[in-house]
Amino acid sequence: MAILPVFAVILPLLGFTTARPQVNDLIRILGPQGVNLARLNALDSPQRPTRYSKDSGDFGGEQTVLSVEDKKTYDFRAQWFQQPLDHFSKDSGHVWHQRFWVNSKYYKPGANSPVIVIDGGETSGEDRLPFLDTGIAAILARSTGGIGVVLEHRYYGESIPVSNFSTDSLRWLNNAQSAADSANFMRNVKFDGIQEDITAPNTPWIYYGGSYAGARAAHMKILYPEIVYGAIASSAVTHATLQAWEYMTVIRDAADPKCSSHIVNAIESIDEILRRGYFKTQLKALFGLASLEHDEDFVSLLETPLGYWQAKCWDPEFGSTKFDDFCHTLSAPFTRTMAASNFEELPFNHEKRMVNVEPGFAVDIAIVNYARWIKTNVVSNCPSDSTIEDCFGSYNDEKYQDTDLSQDWRLWLFQVCTEWGYFTTPPPDQKEPSIISRLIDLGYESKICKQAFPPGKHFTIPKLPNITVVNELGDFAIAADRLAFIDGEVDPWKPYTPHSMYAKDRGVHHYDEWGYENVLEEPEEIRRIHADIIHFVRVWLKDWRAPSDNEEV
């Protein structure tokens, strides 16, 4: 058999998902403040997940699933696969049902056609249906005569194996159990309407994932090489870390220089005002946050617009322009006089750029505009019957201890607190410019772990995440035959992928998973990467042999 080297591609791009950062992105970037924003977002989402126990009569029920914000209907029937709750204990008889969707319209029976499985990752599998419809699963299935599948991750969407999200109930939400789910699915699943045995290793399975799911794709190839024939890891965060300070550094360096400079200078000035203590209340009032007690909560909330960098995408249906809109806001003139003076060419804190907030207290126009953005886009989401402290304070433990199934923000946070980390902090070098406040530290970012997950009867979260369980699977150097890595050049998660500046030489976020039915309408660089992926998958498939013909299996 021909042994192919690791395939690595860097996209000169960046991209992610929806018109606003998703719940798990808020938590990754903002820590406890991200949880606050996630809880506020949930007020706009009255639908709650359904628990499917082993006695449920709803298994296999047909349903049409809607994409995020109901922009498009995807006509794929949800199907269900039975899984054990604990793959590593013979004493547990508890089972649950994992949701998946299939696109078999391109399938060519009897041609050793592959199954391309999209790992749902840390969100509802419904959010991955664009990849099954016209995205990478459909693109590869059409090019190889294969089958596309989206497999929802345990605990997410409607693949919920427990009755609540308490510390004890979440103890089976970990890397090893979720990888075993995928392996069990690949070995035993049967697709409706397909008579052939399409299970692994009797059929070549190509495992695909982006971001966290990208790391899972790479890990599946390492953990289960006998059933994962090939894996494509897009923006794969194979390096877990406690402090993910490089995330903001990538944004600082890749953003428009003028915008980046405004943010750095604004944050530095805000930190100085807070340190001095004079006019601190007036500063917070400018942002609509006068009654927010803790300075750390205040400056953490100022990170919110930075999350929209990752929300960019080349496909306008799923992308966001809010980061660029925020940058435009920072440069907006405050008065006609300012516009006429061409103040934008003046240095930060120049006297002609200063706005008098009250006698003796003036700030640069960029800070005033920053405050206007926060009031309009963040503070306005606080309900009228709640206080600012209720909405944005993070020091009341009780507000984070509801464990019913509506509290789905607990899921990714639990994974962060137990195995993955990625707490966003400023650069360790005090002289390095920072676009986030230096009042933020690991203690503030990680305190939510103890607040949300008090010790249970059967499980206690570690003092800090056990990132070794991630990194021992290969870290930056992870490699295997038929394992491809695809990353974006200005992806803020790139520092934690095999293309990291810390790794040996080998977009924004997993741009390659989206696609159009008419490929000629895609941007040139996206068409090129899709062509490359099709090419190397076809090369992989030329070498595939059924187990009886393959001496290595």
Side-chain angles (χ1 to χ4, degrees), residues 16-44 244-245 247-252 255 259-260 262-264 266-271 274 283-292 294-312 319-330 332 366-383 386 388-394 409 412-413 422-426 434-440 444-445 448 492-493 508-509:
F16 193 48
T17 45
T18 62
R20 65 180 178 182
Q22 294 200 344
V23 166
N24 297 325
D25 300 316
L26 292 172
I27 293 170
R28 268 187 285 255
I29 298 167
L30 300 176
Q33 200 58 268
V35 174
N36 287 340
L37 295 178
R39 295 170 77 244
L40 289 177
N41 285 348
L43 297 177
D44 298 326
W245 62 270
Y247 181 98
M248 292 298 180
T249 301
V250 172
I251 298 175
R252 181 199 69 197
C259 177
S260 181
H262 282 328
I263 300 172
V264 167
I267 292 300
E268 184 178 357
S269 295
I270 289 168
D271 277 358
L274 295 175
L283 173 68
K284 291 181 180 180
L286 190 63
F287 287 79
L289 297 166
S291 59
L292 193 57
H294 294 275
D295 294 348
E296 292 85 354
D297 286 337
F298 171 63
V299 293
S300 178
L301 206 60
L302 305 191
E303 297 176 55
T304 306
L306 307 181
Y308 286 99
W309 177 267
Q310 186 178 317
K312 294 183 178 186
S320 169
T321 62
K322 268 208 163 183
F323 183 87
D324 295 332
D325 295 341
F326 168 67
C327 285
H328 178 74
T329 295
L330 292 183
I367 294 178
V368 175
N369 288 334
Y370 205 141
R372 182 176 60 181
W373 193 96
I374 292 293
K375 283 196 294 187
T376 302
N377 293 278
V378 181
V379 178
S380 63
N381 293 322
C382 186
S386 299
I388 290 296
E389 190 67 24
D390 289 337
C391 290
F392 305 116
S394 71
W409 57 267
W412 177 245
L413 182 64
Y422 299 127
F423 299 110
T424 306
T425 54
S434 177
I435 59 174
I436 68 172
S437 171
R438 292 200 174 276
L439 298 181
I440 300 296
Y444 173 79
E445 290 290 288
I448 187 67
W493 291 104
V508 170
H509 214 41

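We use all heavy atoms of the structure for the numbers below, so side chains are in, but hydrogens, waters and symmetry mates are not.
With His262 as reference, Leu330 is the one residue of Ile435, Leu330, Ile267 to meet the side-chain contact (heavy atoms from CB on, under 4.5 Å) rule. Shown are Leu301, Ile448, Asp297; of these, the side-chain contact (heavy atoms from CB on, under 4.5 Å) with Ser394 is made only by Asp297.
Residues forming a salt bridge (Lys or Arg N to Asp or Glu O under 4.0 Å) with Asp324 (at least two apart in sequence, or on another chain): Lys312. Here Ser260 pairs with nothing under the side chain to side chain donor-acceptor pair (under 3.5 Å) rule; sequence neighbours left out. The side chain to side chain donor-acceptor pair (under 3.5 Å) search around Asp295 returns Lys280, Lys284, not counting sequence neighbours. Scanning for side chain to side chain contact (heavy atoms under 4.5 Å, CB included) contacts around Ser269 gives Phe348, Asn349, Ile367, with sequence neighbours left out. Residues satisfying the side chain to side chain donor-acceptor pair (under 3.5 Å) criterion with Ser437, sequence neighbours excluded, are Asp271. For Glu296, the side chain to side chain contact (heavy atoms under 4.5 Å, CB included) test picks out His294, Tyr395, Tyr444, with sequence neighbours left out.
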Side chain to side chain contact (heavy atoms under 4.5 Å, CB included) evaluation trace for Tyr308 with Asp325:
CA-CA 10 Å; Tyr308 286 99; Asp325 295 341; over 6 Å; no
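At distances below 3.5 Å, not a single donor-acceptor pair connects side-chain atoms of Ser386 with backbone N or O atoms of Cys382. For Thr329 (side chain) and Tyr370 (main-chain N/O), no donor-acceptor pair under 3.5 Å exists by modelled atom type. Side-chain N or O atoms of Asn36 include one that pairs as donor or acceptor with a backbone N or O of Gly393 at under 3.5 Å.
A distance of 10.0 Å separates CD in Glu303 from CD1 in Ile374, rounded to the nearest 0.5 Å. We find the CG-CH2 distance between Leu302 and Trp373 to be 10.5 Å, quoted to the nearest 0.5 Å. Atom SG in Cys391 sits 10.0 Å away from atom CD in Gln33 (nearest 0.5 Å). Here CZ of Arg252 is found 13.5 Å from SG of Cys259. Values are rounded to the nearest 0.5 Å. Atom CG of Leu37 is separated from atom CD1 of Ile27 by 10.0 Å, given to the nearest 0.5 angstrom. Taking OH from Tyr422 and OH from Tyr247, the interatomic distance works out to 12.5 Å, rounded to the nearest 0.5 Å.
Ser300 and Glu445 get closest at one heavy-atom pair: OG-OE2, 4.5 Å. When all heavy atoms of Ser291 and Ile388 are compared, the pair lying nearest together is OG-CB, 3.3 Å.
In this structure, Pro383 and Leu40 have side chains that are in contact, with non-hydrogen atoms separated by less than 4.5 Å. Contact of the Ile251 side chain with the Ile263 side chain is not registered, since no non-hydrogen atoms from C-beta on lie closer than 4.5 Å. Within the 4.5 Å cutoff, the side chain of Thr424 has no heavy atoms near those of the Arg28 side chain.
Within a 6.0 Å radius of CD in Glu268, no more than 12 heavy atoms belonging to other residues, nucleotides or ligands are found.
The aromatic ring centres of Phe298 and Phe287 sit less than 6.0 Å apart.
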